[in-house]
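Okay, structure first, notes after.
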2 protein chains.
Amino acid sequence: MAERLQSDRSTAILRGAAKLFARKGVRSTTVREIADESGVLSGTLYHYFPSKEAIVDEIVTRYLDALLSRYHRALAPAADPRARLHGLVVASLECAKVFPHATQIYQNELGYLRQRPGYERIKAAVYDVQQAWIDVIEDGRAHGVFRDDVPPRMFYRLIRDAVWLSVRWYRPDGSYPIDQFARDTTSVFLQGIGR
Amino acid sequence: MAERLQSDRSTAILRGAAKLFARKGVRSTTVREIADESGVLSGTLYHYFPSKEAIVDEIVTRYLDALLSRYHRALAPAADPRARLHGLVVASLECAKVFPHATQIYQNELGYLRQRPGYERIKAAVYDVQQAWIDVIEDGRAHGVFRDDVPPRMFYRLIRDAVWLSVRWYRPDGSYPIDQFARDTTSVFLQGIGR
DNA sequence: GTCTATATTTCGATAGAC
DNA sequence: GTCTATCGAAATATAGAC
């Protein structure tokens, strides 16, 4: 049997914590609840993580790494700004499907994380995510395929919020599969930004 | 000098609490912090409100009342679905300008409020807000001015999230005034949903 | 490596003087 | 009506047995 890179306990704790953080918020979730959800007792948590905050940081950091990795894969092959924008939407939604809880934590608790020591560690990743969108939008304007009467940052924020917040209500199922959802989202925004 | 309908202390507490709730979340805000922000000491809070939760309820209830009032004024005169959709966007953004903190609390903490006793009081108002958007969108489809290849609830959620979350980053100023912002938002979504 | 038991801190809320 | 002082509950984190 192959060795695991990470102990099962550690990942179980991260999973359980992410589920609760997403549902109730970081501050409203107690370490005892995390322990219950993970199948251990509260003291055991501190064998794997130095604090509750360290668990949040680990969840968000892993999520951002996965997101940026998908962005790079999605952006490389496509040259057309419209295809690249679609690629970012699909990559974000696929990442939200794999990490639904981390996605929700990221967009719900970013303001809270920002004013805490240790935010520097994830600050760069947050910036890179934003810049990926801005680059595509400005490129589309430069090539004349996106309208230029709306500020790029404005459009970025509109589509970002719409895509990110979908984790609050969208649940993939047979009647409305994720690829259809991604097509609809891109369709509305591409038509909205197009000229 | 005219009598005030509400004591200055009470409104000061509501203002201070809303500011902190919006920035840090309800659960992360302590009653002592609310007292500091409001210029009183913690014991005094309980002369005006029975609990911290009661303060949240009051903030959200007042906000929803103001929002629905604006919706009714905005929807009455316009018959065209496009004009009515624009009216909802403008009404929401104007309300967000007057009550920026309450707007943020509403969209950040609704999940938290939902699972608390006393949610029944605001449940109806939340439903009315949603229904106002759905009605306009379905009306636009029926009249053939909105595209019919995207589910109405899907479109409602896209535009709702984009409009509501603007309070996280949009601050009205001279270089990008609120009416321009409202026109841009409506423009993108109307072009996105149009056919 | 996991648990039991508990130390320590912080929070919401209350009591009572003024 | 406001403040001082504090209670009791709940939370994070630690100590130490096994």
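The model shown is predicted, which means the values in this text are computed figures rather than measured ones. Every chain is numbered from 1, with letters handed out A, B, ... down the list of sequences.
- Closest to the side chain of B:Leu41, out of C:dA13, C:dC3, D:dT4, is D:dT4.
- Residues from residues 28-35 of chain B that place a heavy atom under 4.0 Å from any atom of DNA chain C, listed by number: B:Thr29, B:Thr30, B:Val31, B:Arg32.
- Ring pair B:Trp133/B:Tyr156 is tilted by interplanar angle, where 30° to 60° counts as tilted.
- By the side-chain hydrogen bond (donor to acceptor under 3.5 Å, both in side chains) test, B:Lys52 is found to be paired with no residue, residues two or more places apart in sequence or in another chain being considered.
- Phosphate proximity of D:dG1 to B:His47: present, with a side-chain N or O under 4.0 Å from OP1 or OP2.
- Remark: P of C:dG1 and CG of A:Asp8 are 12 Å apart, rounded to the nearest angstrom.
- For the pair A:Asp161 and B:Arg168, the salt-bridge criterion is not met [side-chain N within less than 4.0 Å of a carboxylate O].
- Put simply, CG on A:Asp36 is 11 Å from P on C:dC3, counting in whole angstrom units.
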Candidate pair B:Phe181 and B:Trp169, rule ring pair (Phe, Tyr, Trp, His ring centres under 6.0 Å), full reasoning: CA-CA 12 Å; B:Phe181 178 74; B:Trp169 52 269; 5.6 Å; yes

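- Between the side chains of A:Ser187 and B:Arg147, at least one donor N or O lies within less than 3.5 Å of an accepting N or O.
- Candidate nucleotides C:dT2, C:dA13, C:dA5 were compared by shortest atom distance to the side chain of A:Tyr48, and C:dT2 ranks first.
- We find that NZ of B:Lys52 is positioned 13 Å from C1' of D:dA10, with the value rounded to whole Å.
- Ion pairing between a basic and an acidic side chain is recognised when a charged N comes within 4.0 Å of a carboxylate O; B:Asp179 and B:Arg183 show such pairing.
- Considering only side-chain N and O atoms, B:Thr44 lies nowhere under 4.0 angstrom from the phosphate OP1 or OP2 of D:dG1.
- Proximity of A:Tyr46 to the phosphate of D:dA13: a side-chain N or O atom is located under 4.0 Å from OP1 or OP2.
- Between B:Leu45 atom CG and C:dC11 atom C1' the separation is 13 Å, expressed in whole Å.
- Remark: of the listed residues A:Lys19, A:Arg23, A:Arg15, A:Lys19 is the sole one forming a salt bridge (charged side-chain N to carboxylate O under 4.0 Å, His left out) with A:Glu37.
- Which of D:dA13, C:dC11, C:dG12 sits closest to the side chain of A:Arg27 comes down to C:dC11.
- Distance CZ (A:Phe49) to P (C:dG1): 13 Å, rounded to an integer number of Å.
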